[in-house]
Protein chains: 2
Amino acid sequence: MPSDQTRTSILDAAERLYADRGFADVTLRDIVAAAGVNLAAVNYHFGSKDELIAELFVTRSLATNRARLNELKAAEAEGGGRAEIDAILRALVGPTLRGCLGPGNERSAAARFMIRASIEAVPPIRRIKNREIDHLRKFAAAMQRSLPGRNQVDLYWGLHFALAMAHQTIRDSERLTKLSEGSCDLDDVQGIIERIVAVSVMALTRREADSRASEPVAARRGR
Amino acid sequence: MPSDQTRTSILDAAERLYADRGFADVTLRDIVAAAGVNLAAVNYHFGSKDELIAELFVTRSLATNRARLNELKAAEAEGGGRAEIDAILRALVGPTLRGCLGPGNERSAAARFMIRASIEAVPPIRRIKNREIDHLRKFAAAMQRSLPGRNQVDLYWGLHFALAMAHQTIRDSERLTKLSEGSCDLDDVQGIIERIVAVSVMALTRREADSRASEPVAARRGR
DNA sequence: CATAGTTTCATACAAGCGTTTGAATTGCAA
DNA sequence: TTGCAATTCAAACGCTTGTATGAAACTATG
């Protein structure tokens, strides 16, 4: 039975380096140096660089999806099969945001790795990523149960916008900090989650009438 | 005086290739092959690969910012120095969205290049990108004039969310299409703009009270 | 201890990268 | 046309990349 120690140090080092510097700037030699193992160990244990990346991504992807679904199930159980819309959205964006932001001196490498993966979309990851659609579909279904009267298209857009705000907040928190000169507190994760959830709920529950060419001012500058 | 023809074909080919395939997968040899020029021409005319990328980015960046500011000025002029908040947001997200989405058989390479740049953040671009903060500050100031009563932090978050929704819609339109099985119409650019503007306006004009721990349900699942 | 299987190691390899070189070619002024 | 600078070109450079190799070291069973 293998000790798995080399395997594990490679996975840890790779995840941390990819999280910190992105996929493009990290070579196998960087990884093995950080892991304190021999260069050939990567190909011996994983077959190739791409398979190493794929294993990292699959592992973390399953974990994140599990955390989100757990929150969703809990919310639906609490409501007898139908969760409140804000609870659904909180289950969608909460796990990732909590993982990637927050006052911890160094955030979880796992979460930052996933952000990188979602940003840089390197080939081995892109191949796996299509399964995420099925995962999101479960949230779309829950939202439909929660807001049975809503237009389905609006639900998709609301889901999309919620993910967009969460994602961009993680991705470009630096810009927001600079722009606001520090007045936007990115360590207040729960506050950020509630902000995103509140906006998404508003987007999802606004009146039907203004689904297009809403305000008079809007229609004026159509160009 | 140089004919500039080689220079121009390199710029065009590079922009198109980077837009299509990203920075990581495009080599100088790909570019010169597409441009029909010699390999050494890049270094002769631009000095280095990084300087070529930087020139592309600076050019397009200035153009986009100019388009946004033009719309902003027009909106402010129309309102006698104080634009409606929705007009400001439309000026912010409109130019980019119109450039990157839409029914055109092939979208503008320039716009898709800018999206790549904003996604992949290769070093020569990252160095330039900090100027964007100053550009966004003008929109923050306009928003403050438009909504003088609002908390400044809320304005920054609203600006941030508006850009997040626009950006993610461009970036990951494929996912939304798949998720909604085509029912979200990504060719209806003006509809998308109005959707984003409407949500952003709601985010910016919601009542002060719920800036944190808003709904009772929200407070319950704080974790 | 001996031996077979697993894991590590130093080293090499082919391929691709951005860049450089120096000679050919071009374009234009005198 | 001659002459000179600007431009183009084929070829090569040095370097880094992921991967492969075969020997050495380790581990555990008989």
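In this text, all values refer to a predicted model and were calculated from it rather than measured experimentally. Labels below follow one simple rule: chain letters A, B, ... track the order of the sequence lines, proteins then strands, and each chain is numbered from 1.
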Picking from D:dT8, D:dT17, C:dT6, which would you name as closest to the side chain of A:T27?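 Between D:dT8, D:dT17, C:dT6, the one nearest the side chain of A:T27 would be D:dT17.
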What nucleotide, of D:dT8, D:dA12, D:dT19, holds the atom closest to the side chain of A:L28?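 Nearest to the side chain of A:L28 among the choices is D:dT19.
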Any donor-acceptor pair under 3.5 Å from B:S183 side chain to B:S180 backbone: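 Answer holds: yes.
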Given 3.5 Å as the limit, does a donor-acceptor pair link the side chain of B:D30 with the main chain of B:T27, or not?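 Indeed, once roles are kept as given, a pair shorter than 3.5 Å links the two residues.
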Would you mind reporting whether A:W157 and B:L176 have side-chain heavy atoms less than 4.5 Å apart?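 A side-chain contact exists here, since the closest heavy-atom pair is under 4.5 Å.
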With a 4.0 Å cutoff (strictly under), does any side-chain N or O of [X] reach OP1 or OP2 of [N]?
X: A:N38; N: C:dT7; result: no
X: B:H45; N: D:dA6; result: no
X: B:T6; N: D:dT8; result: yes

Once you apply a heavy-atom cut-off of 4.0 Å, does A:A40 come out as touching a base, just sugar-phosphate, or nothing?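 Base contact.
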My understanding is that only one of B:E71, B:Q190, B:E194 makes a side-chain hydrogen bond (donor to acceptor under 3.5 Å, both in side chains) with B:R90; could you say which?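 It is B:E194, the one option of B:E71, B:Q190, B:E194 that forms the side-chain hydrogen bond (donor to acceptor under 3.5 Å, both in side chains) with B:R90.
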Is a donor-acceptor pair below 3.5 Å formed from side chain A:R29 to base D:dG18, judging by atom type as modelled?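 Answer is yes: a donor-acceptor pair is held.
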Separation of A:D25 atom CG from D:dT17 atom C1', in whole Å?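 Taking CG of A:D25 and C1' of D:dT17, I get 13 Å after rounding.
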Whole-Å distance between C:dT19 C1' and B:F46 CZ?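 After rounding, the reported distance stands at 16 Å.
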